[in-house]
Amino acid sequence: MAGFSDSPLVQDIAVPGVCLLIAFLSYVSQLIFHHATTLEPGAPSQTETVVFNLLLACLWITYYRTVTTDPGRYVFQDKVMEVDTTKRWCKKCAAPKPPRAHHCRHCERCVPRMDHHCPWTANCVSMVTFPHFLRFLVFANLSLWNLGYFLWQRFACLWDDRNMPAYLGPTLFSLIALAVISLVWFVTSVALGIMLANTLKSWALNQTMIEGWEIDRHEVVAERGGRDWWDVVGADGEKMRFEKIEFPYDIGIYANMSQAMGTSNPLLWLNPFASTLKISEDGKGAGWDWEENGFNREEGMWPPLDPEKVRRAARNWPAGRRDFAAELRAVDNEENTEDRKEAFKRRQEEDFQRKQRIIADLEEVGQFDDLEEDEDGESDEDTSDGGEEDDEKSPTLGISLPWVNSDGDRLHDYGVDEDAEDGIDDDVPLAELLRRRKGTRYVDDDDA
Ligand SMILES: [Zn+2]
Ligand SMILES: [Zn+2]
């Protein structure tokens, strides 16, 4: 999967390719069934034809909506933001990152309840697009099962007539056509069946692909630590606590399913014309707040702290500790918006330079292996089991050594911009700066 959706070829041909595949399986097969009269039992009945084409119509509608629906965008109304460092912050959007949102590097923004960026629809599966995506998968599978029934009928007739003289049987052309359609049908059915099963599971558990990955990582960390909680020292010497927490958004199967589809009426869940969910525009409610199951000692604890990241940040930052006081003085001296923007860009640039220096340092002295050591000197090989080639030293990743799950996936593979993920190593200076400037004026691009 790694980098699959990054390939320019895949990006260009995925959607037309899916359309061609649907057209081939649905219409070429019908042409053959209706016109290759030597293929028993002949053309499908009128009812069979109507049912199959109705399913196909639903499939086209839901696919179109999955591809074209905007995955959602956060609009921040407040010009003055209460900066809260206990909350997540996206440095790419330069804005708070609401719970369950992630910054998608394809959509180039924080996507509400991001599941993954799907190469086959060239779109994010998000809070907004998930219902369309699920309906598309359901109708795709129903259509495939219907086609499978047609194919099975024809193979059954061939088997029944196996003792008949060949000249009475189907032509060579129709046999080849039947074989090709069956082969394409089989591969497509297996792939889409797996996708549907995974999506149904994540729907029922209210767990996005990204959250499934976070859960795996959290379990590995907790298991390795062998305790339910322990303290970690952060980059600025402050203590942070790792504690084992429960995934909070699973509020019961029916409630999970209703929440995802935006209605508790199951009759509407498969409606191809259902209206698209909307992100609330007043900064709370739909897309901003998520009901929790109350298993943790307080709300808002997800995603769990990654002690590896904190430890890495603590080791790396002394090399490039910022002078916050000086920066804050500079902020005070910035008279107008333009100055502030300019200064913000400069700080970003400085951040980047510092990061480059750290990477260079690490590469020079070959400290990557050292960074992979636990506090107690134990190597954490087990976390990279199943990892593929580029999981540790990829130069584009900078100082982070991304964790890979048992499928060999890292967040990057779901379309997440790892650089904008809650990298404590990245966020500490900015968060710290902002904490000291609590209530700092935030000017978004629309004001410029
Ligand atoms: Zn973002
Ligand atoms: Zn995306």
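All ligand and atom numbering here is 1-based and tracks the order in the structure. Just so it is clear, the values below take in all heavy atoms, side chains as well, and ignore hydrogens, waters and symmetry mates.
- Arg113 is listed as a side-chain neighbour of Trp290, based on a closest heavy-atom distance under 4.5 Å.
- The aromatic rings of Trp60 and Tyr27 lie parallel to each other, their planes meeting at an angle below 30°, with 60° marking the opposite boundary.
- Note on the Zn ion (ligand 2): protein N/O/S atoms under 2.8 Å are Cys104 SG, Cys107 SG, His117 ND1, Cys124 SG.
- Checked against side-chain hydrogen bond (donor to acceptor under 3.5 Å, both in side chains), Tyr254 has no partners two or more places apart in sequence or in another chain.
- Taking the six-membered ring for Trp, Tyr149 and Trp185 have ring centres at least 6.0 Å apart.
- For the Zn ion (ligand 1), the count of nearby protein N, O or S atoms, meaning those under 2.8 Å away, is 4.
- Between Thr199 and Ser202, the side chains place no donor N or O within less than 3.5 Å of an acceptor N or O (distance only, hydrogens not considered).
- Side-chain atoms of Gln259 and Asn206 include a donor-acceptor pair closer than 3.5 Å.
- Side chains of Trp302 and Glu214: a donor-acceptor N/O pair is present below 3.5 angstrom, by distance only.
- Using cut-offs of 30° and 60° on the angle between ring planes, the pair Trp203 and Phe130 is tilted.
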Which atom pairs, one a donor and one an acceptor, fall under 3.5 Å between side chains of residues 136-148 and the rest of the protein, sequence neighbours left out?
{"unit_1": "Asn141", "atom_1": "ND2", "unit_2": "Leu137", "atom_2": "O", "d": "2.8"}
{"unit_1": "Asn141", "atom_1": "ND2", "unit_2": "Leu192", "atom_2": "O", "d": "3.2"}
{"unit_1": "Ser143", "atom_1": "OG", "unit_2": "Phe139", "atom_2": "O", "d": "2.7"}

